[in-house]
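Note sheet for the following structure.
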Amino acid sequence: MNVVDLARRLATGVRAKALTVPLGLGPLRDAVRHRFALQFGALPPLP
Amino acid sequence: MELWSPDPDDAIRMLPPPPSPEPGVLDWERRAEGFLLRERGKEILLIDPSGRFVTRRGGSGSPELCLKWAAPHMRMLRNRPVIHAASLRIGRDLVAFCGGTGSGKSSIHRSFREAAGIVKCSEDLLPLGGEPLMAEEAGEEAIRRWARENAARFERGDRVDGPEEAGPTLQPLACVYFLDPARRTGRTISAEPLEPIDAFILHLRNSFAELGRGSCG
């Protein structure tokens, strides 16, 4: 396998998405918690 | 220029040549004896042409860090792919977050690890293997352990053989998210599906192909 074949296999065999995330760890952490609330109906526990 | 083509190989041939890379912190040079890595112009290490072993060439940096730099390239040369990605297992799904420095890869990894039910698999490197291609869930840990255990030998100038495979921890890769530093805006997370041709280009950028070879085998 060469790198072109690898990229082709990944591009055609695995879902790929462009992700937009907030800048900064604090806003990003809040966004992740919000995303989880939407996805699973409950917020994950805070550390 | 019309770049549309039903055949990706045709599209690749029609693309203009990529711009010459800016001189970076880390630069590779291909030599008869192998691949030489320089850090800010100073020789650091040499990987043999087949990717089987690495030797120190100088520099005063951390030997463990040098081995971590070498590891993904050694894997690629030995036909064992690796992508530049943080990864997590959410339930049964292993997802990867690809992107270069500053894209938010480590931040999102840190943010997710606080959530219950999430297993953090890798922070920077995601080795792949098997047929069909799957992710080595413990692959990065194996690379870190290899770097730790061989740091003293490397520092002495001994030849260090490459890391072995992580073992039977292969997981199907459910999704690859590509992070772009230019897209770090707003206060929420959003994801847009990518067309295969866009994903193809992004995978190439994150596949440790800097050694200038078309083949990783």
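All of these numbers come straight from a predicted model, not from anything done at the bench. Each chain gets a letter, A, B and so on, in the order the sequences are listed, and its residues count up from 1.
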Which heavy atom of B/Pro196 sits nearest a heavy atom of A/Ala11, and at what distance?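 Shortest heavy-atom separation between B/Pro196 and A/Ala11 comes out as O-CB, 3.5 Å.
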
Which atom pair, heavy atoms only, marks the closest approach of B/Ala191 to A/Leu19?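 Smallest interatomic distance, heavy atoms only, reads CB-CD1, 3.7 Å.
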
To the nearest 0.5 Å, what is the distance between [atom1] ([X]) and [atom2] ([Y])?
| X | Y | atom1 | atom2 | result |
| --- | --- | --- | --- | --- |
| A/Arg8 | B/Phe200 | CZ | CZ | 5.5 Å |
| B/Leu128 | A/Arg9 | CG | CZ | 9.5 Å |
| B/Phe97 | A/Lys17 | CZ | NZ | 11.0 Å |

Between B/Ala174, B/Gly99, B/Pro172, which residue shows the highest count of heavy-atom pairs closer than 4.5 Å to chain A?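 Looking at each of B/Ala174, B/Gly99, B/Pro172 in turn, B/Ala174 comes out on top.
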
A/Leu6 side chain near B/Leu133 side chain, heavy-atom distance below 4.5 Å: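 They are in side-chain contact.
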
